[in-house]
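Quick note on labels: first sequence line is chain A, next is B, and so on, each numbered from 1.
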Amino acid sequence: MRKVSFPYMGTSYIPFERLLTAFGNEVVVPPRPTEETISYGTKYAPEFACYPFKIVLGTYIQVLEAGADTLVSSGGVGPCRAGLYTTLQEKILKDLGYEFEMITLEPPGRHLRDLIDNIKKLINDRLSLKDYISIGRFAWKQLVLLDKAERLSHKMRPLEVKRGDTTQTYKKCVELIAGAKKYSDLREIEREVELLYDAIEKKDYDPIKIGIVGEIYVLLEPSSNLEIEEMLGELGVYVERSMFLSEYTISNAVMDLFHIAGDRDAKKMAAPYFKEMCGGHGRESVGNSVLFAKRGFDGIIQLSPFTCIPEIVAKSILPKVCKEHGLGFLTISLDEQTGKEGLRTRLEAFVDLLMAKRKKAESFRVKSQYVKEMA
Amino acid sequence: MSHYLGVDVGSVSTNLVLIDEDGFLEEAIYIRTQGNPIKAVQEGMEQLSFRNKGKWNVKGVGATGSGRQLAGVIVGADVIKNEITAHAVAALREVPDVQTVLEIGGQDSKIIILRDGVVTDFAMNTVCAAGTGSFLDQQANRLNIPIEEFGDYALKSESPVRIAGRCAVFAESDMVHKQQLGYKTQDIIRGLCEALVRNYLNNIAKGKEIRPRIVFQGGVAANTGMKAAFEDALEEEIYIPKHYDVMGAIGAALLAKDAEISKTRFKGFGLSNIEFTADSFECSGCPNHCEVVNIKMEGKVIARWGDRCNKWKIVDNGVA
């Protein structure tokens, strides 16, 4: 039996494990990236490669050591070098003497044949059409629910009365979703997740709202962004991320199959500033910032791995975009650092800035109303 | 008369100040942290208590700097704030119409943009410490010039030498090469100041609108060569506050004064006789493997941090 593994990114390992197991593979579940992962990654990766490359390479070494013989990852097209990462990682790992097969799943729009052949390699049980539908439906629902639980945690954390309640609840929800056996369980769990979050004791006020944009890996994997969402939540901030895996899959796999461009809103909003794509999520970062502005957010934080070209392009445009839309802007470059204090300092100062800005806008509103009444 | 204490624990220096209720500075102490923030704070408190002689009535304490959590627990702070806000508050107090603060300390450099007395934007160096106090210190050492005279050397230069400023490593090797060719020391030092200012403006201040009045603070503001290089590059007058080197601590004290504290948590000036220790362990309760730090006072744990789930949190650890 194939022993399959894949990169670790947020909670996505839960549905992936389920899917690959149902197809008749043994799954080596990748561990959450720790300092050990990063030290493997930095030891064998080119020095100038970005942080996600190093984390994923480190994870591969950990799972190969644990007995995996097949690695599955997504490919990519376009100028961001991440599209070629699997090839380079395969070469590095084989030079180190590991024996395994690397399966790269390319977007379906351009390499449909390849994709089907590759997926076939991962199907080792005879399954009926009905089985495929039920497996697919289950894994998809699991993915959507995990995203929902995370979204709710971002919403509740700034409101919690007892610090840490939300984080505990979120952990419990993930465990529940991971433990589901069949589709009907998931529907019950969905209700339970809502009830669990409702049960948290909350304050009633209007928190500062910050939208997070940037490169996909550092957005989706909390260990790579020093748990920035948790940190902001505990500072009393409502955080919303521009990207979740379930939406990303729809726009980049399903819509790509039919040659429809994904993230159309974001691209439309980015158009006045950013006409051409520059790879990665540079254009989406700009477009999503405009979308956040239209929804009344107070500020934008951009997360990018150090040396990420698409985000460097976005970084030079975003200050102008944010100024025009009256948003505060902070950019954070992520690399191997694991000390959180520096990040906390910047976030605290950024939140102070946004609160002062909001207060000023309110006093202006009151004043102008007063002037109107006088007239 | 009531007083307020401000403590700023930075990577290179630990500063303590006392201000009176009108915000005037009464006492300032500047100590090198030398990698041991607990000892530095205790030493600072000892010096203060020596000068105190019972005349100060501390009504509130503010802590800031990268070691603010630690300092907050040890001293008993009422307000714990990041150094960006603290520096802005102190600069505003001294120069009410300030629009730009340039701050260069030991390991950090930052720029703060203010409009109408409100912070509207800021940036802080992230991956590179080129151009900060530690680097200048190291170069002064290498050239065998006391750091206090470094700036005056720069001012003597008539034709500065161009030094690569992008990275501290490039800058140093460029300096060495130019030295070996026989350029005058003062021209090299002036060139270094210009390179550091160029690096600062292109990196940290990139895309920021620098408007007057400009205040330059932090330890590096002592360097007249850096001030001159900034004035040349920006073509604006640069104002250096009298207590430029303890502005963070002044800001923390001012924040404590404005917080309307009814009862302070201040532990008193006698701290130096108490034994504080810190140790850490890795929690294996879940895959996060958090590194949890214990802060102990006379062997008793008074604060803990580093855990993500608050499992190890101590209720009422004296930190707001």
Side-chain angles (χ1 to χ4, degrees), chain A residues 8 29 31-36 162-165 167-168 170-171 175 222-223 226-227 230-231 234-235 299 306-307 315-320 322-323 328-361, chain B residues 9-11 37 64-70 80-89 92 107-108 110 112-129 203 206-209 248 255 282 284-291 293 305-313 315:
Chain A
Y8 188 100
V29 180
R32 184 176 197 272
T34 56
E35 279 168 36
E36 191 192 344
K162 197 169 143 258
R163 169 86 63 92
D165 266 2
T167 306
Q168 295 286 7
Y170 174 56
K171 219 165 129 188
E175 275 164 23
S223 70
L226 304 171
E227 287 98 21
E230 242 175 72
M231 226 189 271
E234 284 171 0
L235 287 171
F306 186 51
T307 72
K315 184 175 151 184
S316 55
I317 299 173
L318 280 169
K320 185 181 165 204
C322 289
K323 200 176 172 192
F329 175 63
L330 179 69
T331 178
I332 290 163
S333 204
L334 296 155
D335 207 65
E336 304 168 44
Q337 284 156 323
T338 48
K340 285 182 159 188
E341 232 11 78
L343 180 61
R344 201 189 307 273
T345 300
R346 288 165 181 81
L347 295 182
E348 257 186 57
F350 188 56
V351 174
D352 281 353
L353 178 164
L354 295 179
M355 286 207 290
K357 211 173 106 200
R358 195 188 259 194
K359 220 164 138 189
K360 204 171 151 191
Chain B
V9 180
S11 54
T64 188
S66 45
R68 60 186 178 279
Q69 297 289 349
L70 193 61
I80 296 180
K81 258 293 177 213
N82 63 82
E83 54 270 34
I84 296 162
T85 305
H87 273 284
V89 166
L92 268 171
Q107 277 295 342
D108 278 324
K110 38 188 155 318
I112 308 170
I113 304 291
L114 301 106
R115 297 289 181 260
D116 306 321
V118 174
V119 177
T120 59
D121 199 4
F122 68 86
M124 210 167 154
N125 63 335
T126 44
V127 277
C128 174
N203 189 349
K206 190 91 195 163
K208 307 268 183 273
E209 204 183 348
L255 283 163
E282 195 180 87
S284 49
C286 80
N288 288 337
H289 292 286
C290 298
E291 190 82 24
V293 179
W305 50 68
D307 54 327
R308 285 178 59 201
C309 66
N310 288 311
K311 177 170 146 188
W312 298 100
K313 193 184 168 90
V315 185

J.: Tell me, do B/F122 and A/L330 make a side-chain contact under 4.5 Å, heavy atoms counted?
T.: yes

J.: Can you say whether B/K81 sits under 4.5 Å from chain A via the side chain, the backbone, both, or neither, judging by heavy atoms?
T.: both

J.: A/K357 versus B/V119: any side-chain heavy-atom pair under 4.5 Å?
T.: no

J.: What part of A/K323 lies closer than 4.5 angstrom to a heavy atom of chain B: side chain, backbone, both or neither?
T.: side chain

J.: Are any of the side-chain heavy atoms of B/M124 and A/T345 separated by less than 4.5 Å?
T.: yes

J.: If you tally heavy-atom pairs under 4.5 Å against chain A, which of B/V118, B/I112, B/N82, B/T85 wins?
T.: B/N82

J.: Carefully, step by step, assess B/E291 and A/E35 under the rule side chain to side chain contact (heavy atoms under 4.5 Å, CB included).
T.: CA-CA 11 Å; B/E291 190 82 24; A/E35 279 168 36; 5.6 Å; no

J.: So what's closer than 4.5 Å to chain A heavy atoms on B/T120: side chain, backbone, both or neither?
T.: backbone

J.: Taking side chain as everything from C-beta outward and backbone as N, CA, C, O, which of these in A/K359 sits under 4.5 Å from a heavy atom of chain B? Side chain, backbone, both or neither.
T.: neither

J.: Any chance you could measure B/Q69, atom CD, to A/R344, atom CZ, to the nearest 0.5 Å?
T.: 6.5 Å

J.: Counting only heavy atoms closer than 4.5 Å, note whether A/F329 contacts chain B via side chain, backbone, both or neither.
T.: backbone

J.: Looking at A/E348 and B/R68, is any side-chain nitrogen of the basic one under 4.0 Å from a carboxylate oxygen of the acidic one?
T.: yes

J.: Could you look at A/L343 and say if it's the side chain, the backbone, both or neither that has a heavy atom under 4.5 Å from chain B?
T.: neither

